[in-house]
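Have a look at the structure below before the remarks.
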Amino acid sequence: MLTVSHVTKKYGKVVACNDLSFHLDPGSVTVLLGPNGAGKSTIMKSIIGFLRYEGEITVGGHPNKTTDARKLLGYIPEMPSLYPNLTVSEHMEFIARAYRLSGYKERKEELFHRFELTDKQKKFGDELSKGMQQKLNICLGLLPGPQVLLLDEPMIGLDPHAIKELKLLFEEMREQGCTMLVSTHIIDSVDMLWDRTIIMDHGSIRANVTREELEQDGRSLEQLFFDVTEGAGRADGNEAAGEAGALGEEQFGK
Ligand code: ADP
């Protein structure tokens, strides 16, 4: 459903993403893990079409910057960018018009209910707390019902109720065939249904494994994370990364 093929993104001399390749199956949840600065946001922004890069990205077989791909793609950015002069409700209307959605009101009410924004609908963007802004940010990304959804650090700033709702939504959307890529630097937040995890460090993929592969290996996700980011397989120009363990990228490919 989503294919990233040999994508390299440089900011001046900084190589934020170094020859990344991976594929996401339809109706799957993939967790993109990595320490701060690993390149997670950069690959997300490349997929959504915000950045120029070398390599190829396709969504549902369409190059990512085409209209066909854009119709399938949704993105929930790390930092909400709300309009101070629009109310919570008007933000949703704005998205509905931009995507030419019909019959969205029920969905809007359901999302507001789930993220406890029903009584905040008349508040303006700049009257919302950080957590409320993030909840609205998520509702805006979910309203069009994208087939492929990218979520950049979605749990940051959310209260426990919203985190629970978001995890439930992941499961529901997965059942409906949505493909999700969820980035985080907090391993503890990954205690949810996920099918594949991709671990990045210093702009490269250090592991790309399915849940079954990890279970067979017997290591926890946390162990794998530290083995590939701090163990023998750590980046820092150490290309002899094979000792990171059997679940390193070499064995499981992309
Ligand atoms: P992550 O999301 O994993 O924390 P990022 O993709 O934000 O990582 O950053 C990857 C690398 O690219 C870091 O070294 C970061 O400093 C650099 N970087 C990100 N955005 C920019 C930018 N706009 N200009 C210059 N360097 C950037």
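Numbers for residues simply follow the sequence, beginning at 1. Reckoned from all heavy atoms, side chains included, excluding hydrogens, waters and symmetry mates. As the structure lists them, so they are numbered: ligands from 1, and atoms in each ligand from 1.
The closest non-hydrogen atom to atom 3 (O) of ligand 1, taken over K9, K13, K40, comes from K40.
In this structure, the side chains of P146 and Y75 stay at 4.5 Å or more apart for every pair of heavy atoms.
Nearest non-hydrogen protein atom to atom 13 (C) of ligand 1 is G37 O, 3.8 Å. Nearest protein heavy-atom contact of atom 19 (C) of ligand 1 is Y11 CE1, 3.4 Å. For atom 12 (O) of ligand 1, the nearest protein heavy atom (residue, atom name, distance) is A16 CB, 3.4 Å. Shortest contact from atom 7 (O) of ligand 1 to any protein heavy atom: S41 CB, 3.8 Å. Ranking the protein heavy atoms by distance from atom 8 (O) of ligand 1 puts G39 N, 3.2 Å first. Among all non-hydrogen protein atoms, the one lying nearest atom 14 (O) of ligand 1 is V14 CG1, 3.8 Å.
For the ligand labelled ligand 1, residue S183 lies outside the 4.0 Å heavy-atom shell.
Two rings, from F94 and Y83, have their centers less than 6.0 Å apart.
With salt bridges taken as basic N to acidic carboxylate O contacts below 4.0 Å, none links E127 and K120. Ion pair K167/E171 not flagged as a salt bridge, since none of the NZ, NE, NH1 or NH2 atoms sits closer than 4.0 Å to an Asp/Glu carboxylate oxygen.
Within ligand 1, the atoms closer than 4.0 Å to a non-hydrogen atom of P35 are 3 (O), numbered from 1 in the order shown. Which parts of ligand 1 touch A38 is read off a 4.0 Å heavy-atom cut-off, strictly below it: atoms 1 (P), 3 (O), 8 (O). Remark: ligand 1 atoms within the under-4.0 Å shell around heavy atoms of N36 are 4 (O).
No side-chain donor-acceptor contact under 3.5 Å links S28 to the backbone of L24.
A donor-acceptor contact closer than 3.5 angstrom links the side chains of D152 and S41. Side-chain contact annotation: E153 with H185, donor-acceptor N/O pair under 3.5 Å present. Inspection of the K40 and T184 side chains reveals no N or O donor paired with an N or O acceptor under 3.5 Å.
Under the 4.0 Å distance rule, the nearest protein heavy atom to atom 5 (P) of ligand 1 falls inside the cut-off.
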